[in-house]
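First up is the structure itself, then whatever we jot down about it.
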Amino acid sequence: MDSPSLDTAPAPWSEVWGQPDAVATLREAVDDPSAMTHAWLITGPPGSGRSTLAHAFAAALIAEPGDAHAQRQVLAGTHPDLTALRTEGVIISIKDARALVERSYFSPSLGRFRVIIMEDADSMAERTSNVLLKALEEPPERTVWILCAPSDADLLPTIRSRVRTLRLREPDVADVARLISARTGADPEIAERSARHAQRHIGMAQRLATDEAARDRRDRTLRAVLAVRGVGDAVEVAGRIVQAATEDATSLTAERDEAERASLLRTLGVPEGGPVPPAVRSQVTALQDEQKRRATRSLRDGIDRVLTDLESMFRDVVMLQFGRDDLINREMDADLRHLAGTWSPERSLVVLDAIGRTRENLEMNAAPALALESMLITVASGRTP
């Protein structure tokens, strides 16, 4: 397959990278009513650009051709005919889904269409999915739904039957490395290593390429897990992983939380540094609750990223055990070859299964430290506790 060019399509598609076939399909749908449908599902692995493509499609649908101002509004998320939901919690709530459905029945106020984007459609529980069914089946004539998820298998069959699915391609490591280097000026070698370690997740690759501390933290975590020999090590390393993920989540959300609180207080007429009047405390409390849910989601995303990195490391061990040497973590070649020679393939697969179960347990709101401790005991012993 030819490598995608770094050249971009005309606005509003200029931010979409590496998905020429998907862009062509959606541009045809914008231009040809017979190719259009009222509900779409964009699928692809994390970092493949699902959200970016969804917003570009929305801009093309809402804005009149050539209306750059309206396109910029949609891409910035400020156009009144765009409603976009990216859950900041662990799941999409029924309340949020009902709010989307309600908005979907409004006629466009300025644009050609009203567009509803649900970026994390795979975060819906079954009851929440059922809230969407009628809206997806019988939407108003000028409303378009765009759902995003890693795979169509992440959604109920009743949802899948009501949408047109557009699958994104996975870019090659070399493609992502060139993009990151072009965007950030990162050294090509660092960009390649970051793209490989991020497993082609563009956003994560960009962060690794531009944040030396993040690269060091990833390396230290993997090597710490390899050094786990017993329960005591497991407890210590699990605690360090949770602590690092907590600090990372805090650094990502603290500034935003403070800005949101300050903005709310200004809106409510509360002077800076002044006491919050009882009449408006419920609104401040509601914001704090939402921020706590977002912090929980950010922490779990951070731990899931660690699990993805560990999965890549033990995947490398299995590959070596079966005579393959196309490693994700090439910088750990000697350690991984030693482990591959020490462990049986069966033990490596037990560890990979344990990582998968840990991810599932965390999705079910298991305590992160306990879930990680159990997994690390399996790493140390080769047996499930």
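Both backbone and side-chain heavy atoms feed into the values below; hydrogens, waters and symmetry mates do not.
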| task | Measure the shortest side-chain to side-chain distance between Thr43 and Leu166 over non-hydrogen atoms and say whether it is less than 4.5 angstrom. | result |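 Side-chain contact under 4.5 Å: no.
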| field | Heavy-atom side-chain proximity of His55 to Ile117 below 4.5 angstrom | value |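 Side-chain contact under 4.5 Å: yes.
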What distance separates [X] [atom1] from [Y] [atom2], expressed to the nearest 0.5 Å?
X      : Y      : atom1 : atom2 : result
Lys134 : Asn130 : NZ    : CG    : 13.5 Å
Gln73  : Ile62  : CD    : CD1   : 9.5 Å
His38  : Glu141 : NE2   : CD    : 12.5 Å
Leu226 : Leu222 : CG    : CG    : 7.0 Å
Ser48  : Glu170 : OG    : CD    : 7.5 Å
Ile116 : Ile146 : CD1   : CD1   : 9.5 Å

Minimum-distance pair of heavy atoms, taken over all atoms of [X] and [Y]:
X      : Y      : result
Leu307 : Met375 : CD2-SD, 3.6 Å
Leu82  : Gly77  : CD2-CA, 4.0 Å
Leu362 : Ala371 : CD2-CB, 4.0 Å
Ala58  : Val115 : CB-CG1, 3.7 Å
Asp326 : Arg324 : OD2-NH2, 3.3 Å
Thr184 : Gln206 : CG2-CG, 3.8 Å

Ion pair present between [X] and [Y], side-chain N to carboxylate O less than 4.0 angstrom?
X      : Y      : answer
Glu192 : Arg196 : yes
Arg240 : Glu236 : yes
Asp335 : Arg223 : yes
Arg215 : Asp211 : no
Glu311 : Arg359 : yes

| Pair Leu370-Glu373, side chain to side chain contact (heavy atoms under 4.5 Å, CB included): steps then yes or no | CA-CA 5 Å; Leu370 293 176; Glu373 288 168 13; 3.7 Å; yes
| query | Taking it one step at a time, do Arg305 and Asp309 satisfy salt bridge (Lys or Arg N to Asp or Glu O under 4.0 Å)? | reply | CA-CA 6 Å; Arg305 186 67 237 173; Asp309 291 336; 3.5 Å; yes
| Worked verdict on Phe314 versus Val225 for side chain to side chain contact (heavy atoms under 4.5 Å, CB included) | CA-CA 11 Å; Phe314 291 111; Val225 168; 4.2 Å; yes
Would you confirm whether [X], through its side chain, and [Y], through its main-chain N or O, come within 3.5 Å as a donor-acceptor pair?
X      : Y      : result
Thr143 : Ser104 : yes
Thr25  : Asp21  : yes
Asp67  : Ala70  : yes
Thr308 : Asp304 : yes
Arg142 : Arg114 : no
Asp81  : Ser109 : yes
Ser161 : Thr158 : yes

Can you see whether [X] engages [Y] through a side-chain donor-acceptor pair at a distance of less than 3.5 angstrom?
X      : Y      : value
Glu331 : His197 : yes
Glu119 : Ser51  : yes
Asp96  : Ser93  : yes
Arg357 : Thr384 : yes
Gln321 : Ser348 : yes
Arg315 : Asn329 : no

| remark: Residue pairs meeting salt bridge (charged side-chain N to carboxylate O under 4.0 Å, His left out), one or both in residues 149-163, sequence neighbours left out, come to Glu137-Arg162, Asp152-Arg167
| Do Ile42 and Leu147 pass the side chain to side chain contact (heavy atoms under 4.5 Å, CB included) test, and can you show the C-alpha distance, the side-chain angles, and the key distance before you say yes or no? | CA-CA 6 Å; Ile42 299 176; Leu147 310 184; over 6 Å; no
| task | Look at the aromatic rings of Phe57 and Trp40 and report parallel, tilted or perpendicular, splitting at 30° and 60°. | result | perpendicular
| field | Non-neighbouring partners of Asp333 that pass salt bridge (Lys or Arg N to Asp or Glu O under 4.0 Å), sequence neighbours left out | value |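 Result, salt bridge (Lys or Arg N to Asp or Glu O under 4.0 Å) vs Asp333: Arg337.
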